[in-house]
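Okay, so here's the structure we're looking at.
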Amino acid sequence: MIDRLPTSPPPQAVRLPVRPDAGRYLVLTAVFVCAACGLVYELELVALASYLIGDSVTQASVVLSLMVFAMGIGSLLAKRLRCRPAVCFGLLEAALALVGGCSAMVLYAAFAWIGESRVVLVGFSLAIGVLIGAEIPLLMSLIQRISRRDAEGTVADLFAADYVGALVGGLAFPFLLLPWLGEVTGALLTGGVNVVAGGALVLWLFRRDLTVRWRGWLLVANVTVLALLATATILVDDFEQAARRAVYGDEVRVAIHTDVQEVVLTGGPSGPLDLFLDGRLRVSGRDEYRYHEALVHPAMRGPHARVLILGGGDGLAAREVLRYPGVESVTVVEVDPGVVRLARTDPALAVLNEYAYRDPRVRVVAADAFSWLREPRGAYDVVISDLPDPGITPSTKLYSQEFYGLVERVMPDGGRLVVHAGSAVSRPRTFWTVDATLRGAGFGTRAYCATGRLSGFTTGPDRSTGTASAPHDWGFLLAGAGWAPGLGLDPEAPRLRTLGPSALAAAARGAERTRLPALPPSTLVHPRYMD
């Protein structure tokens, strides 16, 4: 017979205002709520970091890996706090609610006024991770003071409540908190729920396990945190307006959260208009005509009765297409109907796109381009891909072979596809990756770029100036399925050919109006520029 290993004596049971089974369920409920709040903090940091810094894959990897590491540190540190589990858990939840609830506001403020948010992001990831990691050991001690049930069953119950809470928090963030409240207000509300759950558990269920002095300190701590979070919530609108002015300048006219993204419109009607989507400059009234003319006119050489525009909800690509008298229909597939609505109704933007959406030939489809193309469609003579930059992670599928295979299905023989592939000079690897993907999908391609770019998104706080880190060109790929007559897209032809001003002007001769002569000479992009 094997003797049992010696075990430490069970913790002394605490007197509760309810039956032990009810107390156990209340602790598990607190585990559920705290887990949901903890995951919301994590997702909020990932979302805001992706919005402010870019590259969502990198930001998610940094935040989640740092948090998991810090959670391990927090679990180790919690061993020293188990002597007073109720007091320590109450203080820990108050600290977590304050840090997690204010994290979005502080991160946004650091970006807006300091211009650097990576250090703040790392600090919050570590701090929140340590506090979350210390929760479970303390809750384990608390639940063992209620019930003498076996440790294995207790651990299973705790982790089950923790995982289910994480599921609820993970679903609540993208479907409820983010679209209804936004990152800042959603984080503050989550902090309020967190401090109420932790404070109620300790100050009511375990009040007989606390001295009068500690009850007073915990009450003051919880009330203070709630007051700070409530004050920040009241001031959040003023804060966001001040932060937007710091980021976008003093001429912010429209700032809305659609179901897809944040849309900010600055300038106009007297000054240059700028359109920002999720913090990135998409349209600048100073030079947008260079981009849209170079995007549209080369592809319009040849039959162009039916034109498909993927993206382009601002109506500017449609404006250039509608200058051709032979156009019979234009279909714009835009994922965000809020951008189309703004392009229709905002006076300055409507003037800039020359009221393209009032033209009866234009039809708007509110859908994701990839999903829309999967359904059987008619044939389009010209397909214009005016989609987000290929370097942005959410747009990756829109630059894949599968996507171009779907595009090819709606193109007849001799049809043309033009793709905005990012900066050909500043980001050659991305540009040539798009070219290789098109060729892999069976297209013949011709690469060209338009120089003289005056604006672009930057990594600094003053994005509206378009100075630091802004690219100075737009890169495009004109493609046809195998070989397109008149375009020189024979797959056996040299890979790179120049589309200079004369070629662009020849492609635009069928247009009623054009400013193409103002374009500076296009630049031939050569593989030697690849880094």
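Any value given below was found using the heavy atoms of this structure, including those in side chains, with hydrogens, waters and symmetry copies removed. Computed from a prediction, not measured in an experiment: that's the story for all the values here.
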[X]: which residues meet the side-chain hydrogen bond (donor to acceptor under 3.5 Å, both in side chains) condition with it, sequence neighbours left out?
X	answer
S125	none
E240	none
D386	Y291

Are H297 and E293 close enough that a side-chain donor and a side-chain acceptor fall under 3.5 Å?
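H297 vs E293: no donor-acceptor pair found between side chains.
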R377 side chain to W372 main-chain N or O, any donor-acceptor pair under 3.5 Å?
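It does hold such a pair.
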The single option from R286, H292, R290 passing side chain to side chain donor-acceptor pair (under 3.5 Å) against E288:
H292
If you round to the nearest 0.5 Å, how far is [atom2] of [Y] from [atom1] of [X]?
X	Y	atom1	atom2	value
D368	K397	CG	NZ	3.5 Å
L189	L181	CG	CG	6.0 Å
R341	D346	CZ	CG	13.0 Å

Side chains of residues 357-365: which donor-acceptor partners sit under 3.5 Å, not counting sequence neighbours?
residue	atom	partner	partner atom	Å
Y357	OH	G313	O	2.8
D359	OD1	R361	N	2.9
D359	OD1	R361	NE	3.0
D359	OD2	R361	NH2	2.9
R361	NH1	V327	O	3.0

Kindly write out the residues that satisfy side chain to side chain contact (heavy atoms under 4.5 Å, CB included) with A366, not counting sequence neighbours, or none if the list is empty.
P337
By side chain to side chain contact (heavy atoms under 4.5 Å, CB included), which residues pair with M71, not counting sequence neighbours?
E42, I132
Going by an N to O cut-off under 4.0 Å, is there a salt bridge joining R427 and D389?
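Here R427 pairs with D389 in a salt bridge, since their nearest N and O are under 4.0 Å apart.
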